[in-house]
K.L.:
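Before we start, here is the structure in question, set down as structure tokens.
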Amino acid sequence: MAKSRSEYVCQSCGGVQPKWAGQCPECGSWNSLVEVAAAGPRTSRSGGMTGAASTRIQMLSEVAVDEAPRAATGMPEIDRVLGGGVVPGAVILIGGDPGIGKSTLLLQVLSALQGRLSTLYVTGEESLAQVHLRAQRLGLVDLDLPVLAETSVEQILAQLSRSNPGFVVIDSIQTLYTETLDSAPGSVSQLRETAAQLVRYAKSTRTAIVLVGHVTKDGAIAGPRVLEHMVDTVLYFEHDPGSRFRIIRAIKNRFGAVNELGVFAMTDGGLKEVSNPSALFLSRHAEPVPGSVVTVARQGSRPLLVEVQALVDRSMVGTPRRVTLGLEGNRLNMLMAVLHRHGGIALGDQDVFANVVGGMRIQETAADLPLLLAVLSSFRSRPWPGDWVVFGEIGLAGEVRPVAGGEERLIEAAKHGFKRAIVPAGNKPRRSLSSALEIVAVGRLSEAIEQF
Ligand code: TYD
Ligand code: MG
């Protein structure tokens, strides 16, 4: 009789090794390999949508597409991050810290979907009584909301094929287990196998499935990244500690744009959508203060006004500190060098701290120019006028380069009553956008500094 095979799965990256080793050869983490029974013969896995015998090569042009009708959830902020609604057969992973509001949000989505799609809420974390209490709090008790308390993926799949819902929420994927593996629920091998079974079910029956995943301390959905490549859409739920605002961001989306944002506020009655979040990320100062510059960032397709702050202070340590929150640290270092060489301003003996108000993260280069002007404003203790707005990328040669979506950004700024915009020459609009917004186009960093 053949000896039962075992393999070793890294608990941090999910890589599979035939032999045990102290260090995972794939991700380099120590003591992370755990022995698991090898999955059954490979042939049983190749099932899926088409049996091995029935596949054939086709011309792309002859592949039938049934233009997937998206089901709008009735919550525009969710539809926005999903790229316009729920696609049948899509698997959506939604991650976030414990207690941020994932279960609350999904319960609201399920109730908003009533009458449009048949749904099922599977809870593995809370009892049905707890779910009922939450629904009561949200004012949703009168709804006919099918719920199931179950953690065995085989049982869940059996229930699903019986009731055939169109939209299923699994809260959370970390509590599920498959009877075919011995390892504990939440381990990487269980996560991968249970998720794979659900993905296969979603694709073969065109059921949309939402998997809730908790984020671990180091910020990745537990079983780091093992689920991200298996699903169609990855959404992260973020918030600034202490703030009641919640941001949902699409990190990956096979059916829409990434980096789309949805903004919510947590209230007594659950999450409320914030449809015009632009002003959230501005701290309203009575008087303009030094070191603060407003920019228009773009998150997905949405322009957002955000405030970039900098504090420049004489350093008390040998190597001056460069600290960033919500901005990229290396970029700040590079910009300081450009400011020195092309702006003639040396800050070699100064600590520089940079921050984006409201816990927002900016990853685009359009924040370069506002960041440098904020640094300069703090250094000179001169406030930047509160009704001026700035964006633009800075190159190593000291040039100010155009950024994507210039017109949209200017329209957003005009909408919020800004009087003057300092923008890259390449972003100067050909037509007049607003009579109230004066546009100053600059080609070099030095020209931008002269404005001030
Ligand atoms: P929850 O949805 O349970 O978080 P998760 O599923 O991400 O772990 O959210 C729990 C938090 O939300 C809890 O701290 C209480 C708060 N909350 C409200 O403020 N208002 C509400 O109406 C509800 C239902 C929860
Ligand atoms: Mg929960």
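All ligand and atom numbering here is 1-based and tracks the order in the structure. Counting from 1, the numbers follow the sequence of the chain as shown. Heavy atoms only: backbone and side chains are in, while hydrogens, waters and symmetry mates are out.
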K.L.:
Is a salt bridge present between E412 and R409, judged by a nitrogen-to-oxygen distance below 4.0 Å?
P.N.:
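No, no charged N to carboxylate O under 4.0 Å.
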
K.L.:
For the Mg ion (ligand 2), check which protein N, O or S atoms are under 2.8 Å away and list them.
P.N.:
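Protein N, O or S atoms closer than 2.8 Å to the Mg ion (ligand 2): S103 OG.
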
K.L.:
Measure the CD-NZ distance between E125 and K102 for me, rounded to the nearest 0.5 Å.
P.N.:
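These two atoms lie 7.5 Å from each other.
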
K.L.:
Could you go through K252 and E228, starting from their C-alpha distance and side-chain angles, then the distance that decides it, and tell me whether this counts as salt bridge (charged side-chain N to carboxylate O under 4.0 Å, His left out)?
P.N.:
CA-CA 8 Å; K252 159 182 172 177; E228 289 187 2; over 6 Å; no

K.L.:
Would you find more than 12 non-hydrogen atoms of other residues, nucleotides or ligands less than 6.0 Å from D182 atom CG?
P.N.:
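No, CG of D182 has 12 or fewer neighbouring heavy atoms, counting only those of other groups under 6.0 Å.
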
K.L.:
Shortest non-hydrogen contact from E260 to Q299?
P.N.:
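Between these two residues, the closest heavy atoms are OE1-O, 4.2 Å.
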
K.L.:
Is the side chain of D232 donor-acceptor paired with the backbone N or O of V91 at a distance under 3.5 Å, no angle test?
P.N.:
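Pair found, side chain donor or acceptor close to backbone of V91.
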
K.L.:
Is there a nitrogen or oxygen of E126 sitting under 3.5 Å from a nitrogen or oxygen of ligand 1?
P.N.:
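Between E126 and ligand 1 (N or O atoms, distance only) the closest approach is not under 3.5 Å.
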
K.L.:
Which residue and non-hydrogen atom of the protein lie closest to atom 18 (C) of ligand 1, and at what distance in Å?
P.N.:
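Ranked first by proximity to atom 18 (C) of ligand 1 is M266 SD, 3.4 Å.
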
K.L.:
Find the distance between CG (N253) and CG (L235) and round it off to the nearest 0.5 Å.
P.N.:
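Answer rounded to 0.5 Å: 7.5 Å.
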
K.L.:
Which ligand 1 atoms does R134 reach within 4.0 Å, using its non-hydrogen atoms?
P.N.:
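So the atoms of ligand 1 that pass are 1 (P), 2 (O), 3 (O), 24 (C).
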
K.L.:
Run down the list G95, G101, A265, S172 and name the one with the heavy atom closest to atom 4 (O) of ligand 1.
P.N.:
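Answer by nearest heavy atom: G101.
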
K.L.:
Considering heavy atoms of the protein only, find what lies nearest to atom 15 (C) of ligand 1 and give residue, atom and distance to 0.1 Å.
P.N.:
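It is R137 NH1, 4.5 Å.
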
K.L.:
Any idea which atoms of ligand 1 are less than 4.0 Å away from a heavy-atom of T104?
P.N.:
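Listed by number with element, the hits are 1 (P), 2 (O), 9 (O), 24 (C), 25 (C).
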
K.L.:
Check for a donor-acceptor pair, side chain of Q197 on one end and backbone N or O of T194 on the other, with a separation under 3.5 Å.
P.N.:
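No; judged by distance alone, with no hydrogens or angles, the pair does not exist.
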
K.L.:
Starting from atom 8 (O) of ligand 1, locate the nearest protein heavy atom and write down its residue, its atom name and how far away it is, to 0.1 Å.
P.N.:
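Closest protein heavy atom to atom 8 (O) of ligand 1: G99 N, 2.7 Å.
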
K.L.:
Of all the heavy-atom pairs spanning L106 and V210, show the shortest one and how long it is.
P.N.:
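Scanning both residues completely, I find the closest heavy atoms to be CD2-CG1, 3.9 Å.
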
K.L.:
Within the distance-only criterion (no hydrogens, no angle test), does the side chain of S118 pair as donor or acceptor with the backbone N or O of G166 below 3.5 angstrom?
P.N.:
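Answer holds: yes.
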
K.L.:
Using a 4.0 Å cut-off to any heavy atom of T267, which atoms of ligand 1 qualify?
P.N.:
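That gives atoms 18 (C), 19 (O), 20 (N), 21 (C), 22 (O) of ligand 1.
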
K.L.:
Of all the atoms in ligand 1, which lie at a distance below 4.0 Å from a heavy atom belonging to P98?
P.N.:
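Counting atoms of ligand 1 from 1, those under 4.0 Å from P98 are 8 (O).
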
K.L.:
Can you sort out which atoms of ligand 1 are near D268, meaning under 4.0 Å from one of its heavy atoms?
P.N.:
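What qualifies from ligand 1 is 20 (N), 21 (C), 22 (O).
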
K.L.:
Is a side-chain donor or acceptor of W384 paired with a backbone partner of A374 at a separation under 3.5 angstrom?
P.N.:
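Absent.
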
K.L.:
Taking 4.0 angstrom as the limit and counting only heavy atoms of S103, give me the atoms of ligand 1 inside it, by number and element.
P.N.:
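That gives atoms 2 (O), 5 (P), 6 (O) of ligand 1.
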
